[in-house]
> 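Can you keep this structure in mind? I'll have questions shortly.
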Amino acid sequence: MPPTIPGFTYHRVPVADGVSLNAAVSGSGSPVVLLHGFPQTHLMWRHVAADLAADHTVICPDLRGYGASDKPAETDGSYAKRTMADDIVTLAHALGHDRFALAGHDRGALVAFRAGLDHPDTVTHLACLDVLPTLDMWDVMHGVTAAVGFHLYLMAQPPGLPEELIAAAPDAFFGHFLDLWTDDPQAIPADVRTAYLNACRAAVPSIVADYRASAGVDLAHDQADRDAGNRLRMPVAVLQQDWGAALGFDAAALWGDWAPDLRHSTVTCGHFMAEEAPADVAKALRDLLAR
């Protein structure tokens, strides 16, 4: 059995036709939903979730296509961030919460971002960790600095080759990011690393579909919102590594175009900040919830 978050109760909640999400829930008080990134599962929030559960209802799902959640076949829109955001709203409603705060890391932050734009009366506060909105991400990646995002280009290719290449050496592929993107290897202990690799190995087609959507339908949705002048109406916190200047763009300014009520800050750690600097992340989320 993979590790779980101690003190959390696990639920399997139907959110769409043929799709149920695995979700860990604990605590009481105003609800906070925490969405994981790549190549992880809900376990990445284990430290922060335990902290917040002291005075909040904390919900940590595996996104569709990841972890122990269902992995539907790729069709038009099945892995759009709009679809995945709808999953999260349905999940929260099924657990009794009409309004909730939402935080996401990496891929989960893109789902959270879309939920904030599509469901402004449902998402009360929004936090996005170590990512740029899809439209801005593709705009700023160019030249040799884009090599850091080689996986984005690989998984943007038509179905077939990306899945075959990754499935041929899944532990090497997903493990590469766990190794490269962390400053503190001890932050991801062996049992959690094994759980991540096992989960990813079983989810290659759906993970690729998630990324492929960000080079297609997600990009179209972001562009439509930008053209319409739609912006995030709730208080927003963005936490990032200090990588913006190194890659030649102003991350805070890019986020500011989407979020009028923005607090942007950097965290001194690697990409997996909820595991490497959980106290900093928990404090930032508490500060957001107080706004």
> Taking salt bridge (Lys or Arg N to Asp or Glu O under 4.0 Å) as the test, write out the residues that go with D280, two or more places apart.
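Listed in chain order: nothing, the list is empty.
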> Could you go through K283 and D51, starting from their C-alpha distance and side-chain angles, then the distance that decides it, and tell me whether this counts as salt bridge (Lys or Arg N to Asp or Glu O under 4.0 Å)?
CA-CA 9 Å; K283 181 181 185 305; D51 183 310; over 6 Å; no
> Please name the residue in the list D87, D218, D225, D86 that meets the salt bridge (Lys or Arg N to Asp or Glu O under 4.0 Å) test with R114.
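Only one option passes, and that is D225.
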> How would you list, by chain and number, every residue that makes a side-chain hydrogen bond (donor to acceptor under 3.5 Å, both in side chains) with D17, sequence neighbours excluded?
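Scan of D17 (side-chain hydrogen bond (donor to acceptor under 3.5 Å, both in side chains), adjacent residues dropped) gives none.
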> Could you walk me through whether T83 and R64 pass the side-chain contact (heavy atoms from CB on, under 4.5 Å) test, one step at a time?
CA-CA 9 Å; T83 303; R64 77 158 57 195; 3.6 Å; yes
> Decide yes or no on side-chain contact (heavy atoms from CB on, under 4.5 Å) for R226 and D257, but give the supporting numbers first.
CA-CA 9 Å; R226 173 154 290 172; D257 287 341; 4.3 Å; yes
> Checking salt bridge (Lys or Arg N to Asp or Glu O under 4.0 Å) for the pair D179/R193: CA distance, chi angles, key distance, verdict?
CA-CA 10 Å; D179 294 336; R193 179 189 174 89; 2.9 Å; yes
> Does CZ in R263 sit with more than 12 non-hydrogen atoms of other residues, nucleotides or ligands closer than 6.0 Å?
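No.
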> Please answer: with hydrophobic residues joined when any side-chain heavy atoms are less than 4.5 Å apart, are L289 and M234 in the same cluster?
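Same hydrophobic cluster.
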> Would you indicate whether the side-chain heavy atoms of L239 and S265 approach each other to under 4.5 Å?
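They are in contact (side-chain heavy atoms under 4.5 Å apart), so the answer is yes.
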> Quick test of your reading: applying ring-ring contact (aromatic ring centres under 6.0 Å, His included), list the pairs with at least one residue in residues 272-291, sequence neighbours left out, ordered by first then second residue.
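Non-adjacent pairs meeting ring-ring contact (aromatic ring centres under 6.0 Å, His included): zero.
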> Test side-chain contact (heavy atoms from CB on, under 4.5 Å) on R291 and D287; report intermediate values, then the result.
CA-CA 7 Å; R291 284 161 59 190; D287 289 346; 5.9 Å; no
> Going by the rule side-chain hydrogen bond (donor to acceptor under 3.5 Å, both in side chains), which residues pair with T122 if we only count those two or more places apart in sequence or in a different chain?
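With neighbours one apart ignored, the set is empty.
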> Could you go through V267 and Q241, starting from their C-alpha distance and side-chain angles, then the distance that decides it, and tell me whether this counts as side-chain contact (heavy atoms from CB on, under 4.5 Å)?
CA-CA 5 Å; V267 181; Q241 298 178 79; over 6 Å; no
> Return a table of donor-acceptor pairs under 3.5 angstrom between the side chains of residues 1-10 and protein atoms on other chains or two or more places apart.
unit_1	atom_1	unit_2	atom_2	d
Y10	OH	I5	N	2.9
Y10	OH	H42	NE2	2.8

> Just verifying a value: how many Å separate L197 CG and L178 CG, rounded to the nearest 0.5 Å?
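Those atoms lie 6.0 Å apart.
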> For residues 43-84, which residue pairs pass the ring-ring contact (aromatic ring centres under 6.0 Å, His included) check, not counting sequence neighbours?
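Every pair satisfying ring-ring contact (aromatic ring centres under 6.0 Å, His included) with a residue in residues 43-84: H36-Y66.
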> Does V217 reach the side chain of D76, with side-chain heavy atoms less than 4.5 Å apart?
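A side-chain contact is absent here, since even the closest heavy-atom pair is not under 4.5 Å.
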> Which residues satisfy the salt bridge (Lys or Arg N to Asp or Glu O under 4.0 Å) test with D210, sequence neighbours excluded?
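Checked D210 against salt bridge (Lys or Arg N to Asp or Glu O under 4.0 Å); matches are K81, R107.
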> With sequence neighbours left out, write down each residue that passes salt bridge (Lys or Arg N to Asp or Glu O under 4.0 Å) with D191, or none if nothing qualifies.
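Salt bridge (Lys or Arg N to Asp or Glu O under 4.0 Å) check on D191 returns nothing, list empty.
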> If the condition is side-chain hydrogen bond (donor to acceptor under 3.5 Å, both in side chains), which residues does E275 pass it with, not counting sequence neighbours?
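With neighbours one apart ignored, the set is Q40, R46, Y196.
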> Please test D55 against R286 for salt bridge (Lys or Arg N to Asp or Glu O under 4.0 Å), starting from the C-alpha separation and ending with a verdict.
CA-CA 10 Å; D55 47 11; R286 289 186 176 281; 3.0 Å; yes
> Charged N to carboxylate O below 4.0 Å: is that the case for D70 and R12?
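Yes, charged N to carboxylate O under 4.0 Å.
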> Taking only residues two or more places apart in sequence, or in another chain, which ones meet A169 in a side-chain contact (heavy atoms from CB on, under 4.5 Å)?
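Result, side-chain contact (heavy atoms from CB on, under 4.5 Å) vs A169: A172.
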> In chain order, what residues pass the side-chain hydrogen bond (donor to acceptor under 3.5 Å, both in side chains) check against W258, with sequence neighbours excluded?
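So W258 forms a side-chain hydrogen bond (donor to acceptor under 3.5 Å, both in side chains) with D136.
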> Any pair with a residue in residues 160-191 that passes ring-ring contact (aromatic ring centres under 6.0 Å, His included), sequence neighbours left out, goes on the list, sorted by first then second residue, please.
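Listed once each, the pairs are F38-F174, F38-F177, F150-H176, F150-F177, H151-F177, H151-W181, F173-F177, F177-W181, W181-H271.
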